[in-house]
2 protein chains.
Amino acid sequence: MGKQTFSDIYHVLKDRILTGHYSVKMRLPIEDELITEFDSSRYAVRKAIAQLAKDGLVYSVKGRGVVLLEHTPQTQQFNLALNNLNGLQSLNAERHLDYQTEVVAFQQRIVDQPLSTHTAFEVGIPVYAIQRVRIVDGIRAVLDINYFNAQRTPTLTKTIAQHSIYQHFKKNGLKIAVVKRMLRVESANELDKAQLALGDNNCIGNMISIAFNDEGRQVEYTESHFIPNEFNFNELIRN
Amino acid sequence: MGKQTFSDIYHVLKDRILTGHYSVKMRLPIEDELITEFDSSRYAVRKAIAQLAKDGLVYSVKGRGVVLLEHTPQTQQFNLALNNLNGLQSLNAERHLDYQTEVVAFQQRIVDQPLSTHTAFEVGIPVYAIQRVRIVDGIRAVLDINYFNAQRTPTLTKTIAQHSIYQHFKKNGLKIAVVKRMLRVESANELDKAQLALGDNNCIGNMISIAFNDEGRQVEYTESHFIPNEFNFNELIRN
DNA sequence: GAGTGGTCTAGACCACGGT
DNA sequence: CCGTGGTCTAGACCACTCC
């Protein structure tokens with residue numbers, strides 16, 4: 001088999017698990033067997049297993065072995081982790097026929113005290129303040145309220161805001177390293193009611209994101225207000 | 001300093017970061033320095049750093065070093081990860097003066113086809129079907145709808161449901177290994193409206209959980225319907 | 001007591017960042 | 001080019017599970 005990186009091992013094992021290769025015993029082979037099979041070190045095997053555990057496919061028990069988790073079509077749905085950095089745009093990405101962005105507001109401003117406590121940006125720094133509505137298949141589904149640190153982000157224009165800001169960042173060498181997110185359910189405010197296709201609903205989901213560049217500096221504070229019944233968020237919790 | 005486990009190193013570094021010890025350079029010392037300081041191996045040091053990264057405190061850049069993420073009181077709030085296995089009970093746990101559970105429904109039933117597609121349990125197995133309202137400081141805040149695989153869970157009674165089911169599981173040797181969760185915002189149904197203190201709101205948050213024991217078997221399907229404006233969920237996404 | 005994963009050490013080489 | 005984190009190897013001992 002020759003030398004394999006942990007990534008190769010991971011993909012082979014993942015494929016086998018998903019095709020039912022191990023479903024009789026509901027166990028992975030023990031580490032030593034995998035080491036022999038892939039002619040690799042224990043480090044690589046263990047790293048591959050750790051990756052499978054992060055996917056919610058297996059669970060390791062000391063002294064017993066690596067157990068496969070049951071996966072039905074329903075539970076597998078939970079594995080489509082929405083762990084991407086690109087905001088709501090990519091949620092349910094495959095399904096959309098149509099996708100439009102309407103820029104509701106675009107301005108530069110200086111952070112004052114109220115905005116500072118709200119966004120965690122320091123008082124006095126210049127930010128882009130942008131509001132955009134995401135129209136999915138003709139439905140006004142998401143209201144994005146962005147604040148970008150103007151000193152740490154490439155120059156933004158309304159035209160760029162109409163397309164993909166993240167793509168623009170990437171092209172101009174800004175790397176988003178980490179995003180901290182908070183999810184809430186909130187009563188809709190006047191702006192939400194005016195801009196979103198809420199129908200009879202009077203609440204929104206609010207996904208608050210704080211993004212950091214690869215120097216550890218906060219570059220973004222964003223609230224994404226989205227309509228009910230259309231969006232899912234997945235999470236995996238391990239003991 | 002003697003020998004340190006990765007956990008000791010982790011806690012020392014975490015403490016230093018939070019008290020501003022490294023805030024001038026916004027960098028951690030390089031791995032070799034930490035190895036020397038803690039008189040440990042690279043493995044332990046790297047594992048400690050990996051843990052800090054999981055907490056959203058640092059970010060490693062190949063060729064550059066380990067960068068500290070900015071943390072303000074606001075962004076630190078995002079670090080209180082609600083990654084616990086005990087359901088909604090522990091959300092905002094410290095703040096509560098008062099906490100009560102009202103068992104709305106408690107029955108045993110056999111999974112039929114509709115329930116199977118809903119809960120991912122196989123048709124024909126016996127389950128406990130339980131509905132409970134969580135009353136926090138006098139407010140009917142959460143409606144829990146549980147289905148437990150009766151073959152894989154210790155015997156349940158209404159009295160136990162009135163207290164902590166998870167504590168009962170723990171006492172009886174049932175280990176919850178992994179929980180897959182899905183979060184949604186939904187229009188409230190009649191049951192929600194009847195049982196929860198929704199006020200003027202007509203939507204709920206729905207936290208769907210599928211729990212697995214340490215043999216990889218699904219033991220639980222739960223929907224927790226919660227009122228708007230009261231609950232937060234945190235998430236960390238790394239590149 | 002045998003089997004298995006968890007932790008740890010001591011080394012090596014590679015890939016990327018900055019000079 | 002040097003410094004740094006990422007990957008990997010080969011081994012050791014410990015903690016837990018199960019017979």
Side-chain angles (χ1 to χ4, degrees), chain A residues 1-13 22 25-54 57-69 170 173-175 177-178 213-217 238-239, chain B residues 1-13 22 25-54 57-69 170 173-175 177-178 213-217 238-239:
Chain A
M1 200 63 152
K3 296 224 174 163
Q4 305 271 344
T5 70
F6 87 92
S7 166
D8 295 324
I9 302 175
Y10 161 71
H11 286 294
V12 171
L13 292 180
Y22 296 125
K25 299 179 66 175
M26 289 291 282
R27 291 279 169 88
L28 237 50
I30 66 169
E31 292 180 349
D32 278 345
E33 284 177 40
L34 294 172
I35 290 168
T36 305
E37 175 184 351
F38 291 105
D39 188 19
S40 70
S41 72
R42 203 177 163 203
Y43 171 93
V45 166
R46 285 179 58 76
K47 195 162 174 181
I49 293 172
Q51 189 71 243
L52 295 168
K54 231 172 75 176
L57 292 171
V58 303
Y59 180 74
S60 299
V61 186
K62 193 195 301 197
R64 190 189 304 162
V66 178
V67 176
L68 269 63
L69 297 188
K170 207 175 174 183
L174 172 61
K175 274 181 202 155
V178 173
N213 65 14
D214 65 0
E215 291 188 321
R217 302 293 179 175
R238 287 174 291 163
N239 245 347
Chain B
M1 202 59 151
K3 296 224 173 162
Q4 305 272 344
T5 71
F6 87 92
S7 166
D8 294 324
I9 301 175
Y10 161 71
H11 285 295
V12 171
L13 292 179
Y22 297 125
K25 301 178 69 175
M26 288 291 282
R27 291 279 169 87
L28 237 49
I30 66 168
E31 291 180 350
D32 278 346
E33 285 177 40
L34 294 172
I35 290 168
T36 305
E37 176 184 350
F38 292 104
D39 187 20
S40 71
S41 73
R42 205 179 161 203
Y43 172 92
V45 166
R46 284 179 60 76
K47 195 161 175 184
I49 293 172
Q51 190 71 243
L52 295 168
K54 230 171 76 176
L57 292 172
V58 304
Y59 179 74
S60 299
V61 187
K62 194 195 299 198
R64 193 192 300 160
V66 178
V67 176
L68 268 63
L69 298 188
K170 207 174 173 185
L174 171 60
K175 274 183 200 154
V178 174
N213 65 14
D214 64 0
E215 290 188 324
R217 302 293 180 173
R238 286 173 290 162
N239 244 347

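Proteins come first, then strands; the chains are lettered A, B, ... in the order of their sequence lines, and each starts at number 1.
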> Where the side chain of A/Tyr43 is concerned, which of D/dT7, C/dT9, C/dG5 is the nearest nucleotide?
Replying inline: D/dT7
> From the list C/dG5, D/dG6, D/dT7, which nucleotide is the closest neighbour of the side chain of B/Glu31?
Replying inline: D/dG6
What is the distance, rounded to the nearest whole Å, between atom [atom1] of [X] and atom [atom2] of [N]?
X        : N      : atom1 : atom2 : result
A/Arg46  : D/dT7  : CZ    : P     : 16 Å
A/Arg27  : D/dC18 : CZ    : P     : 8 Å
A/Asn239 : C/dG6  : CG    : P     : 13 Å
B/Gln51  : C/dT7  : CD    : P     : 10 Å
A/Asp39  : D/dC8  : CG    : C1'   : 13 Å
B/Leu34  : D/dG5  : CG    : P     : 8 Å
B/Phe6   : C/dT9  : CZ    : P     : 12 Å
B/Lys25  : D/dT4  : NZ    : P     : 9 Å

> Looking only at heavy atoms, what is the nearest atom pair of A/Phe6 and A/Ala48, with distance?
Replying inline: O-CB, 3.6 Å
>> On a heavy-atom basis, which atom in A/Arg64 and which in B/Asp214 lie closest, and how many Å separate them?
In response: NH1-O, 3.0 Å
>> If you assign B/Asp32 and B/Lys175 each to the DNA chain D nucleotide with the nearest heavy atom, which residue ends up on the more 5' nucleotide?
In response: B/Asp32
Quick check on [N]: is either OP1 or OP2 less than 4.0 Å from any side-chain nitrogen or oxygen of [X]?
X       : N      : answer
B/Lys47 : C/dT9  : no
B/Ser41 : C/dT9  : yes
B/Arg64 : C/dG18 : yes

> With distance as the sole test, does B/Asp32 use its side chain to make a donor-acceptor pair with the main-chain N or O of B/Ile35 at under 3.5 Å?
Replying inline: no
> DNA chain C: A/Leu28 or B/Lys62, which has the more 5' nearest nucleotide?
Replying inline: A/Leu28
>> Check this for me: does the side-chain of A/Arg42 come within 3.5 Å of the base of C/dT7 through a donor and an acceptor?
In response: yes
>> Less than 4.5 Å apart, side chain to side chain, heavy atoms only: is that true for B/Asp8 and B/Phe38?
In response: no
> Per the side-chain contact (heavy atoms from CB on, under 4.5 Å) rule, which among A/Val58, A/Asn239, A/Leu69 passes with B/Val178?
Replying inline: A/Leu69
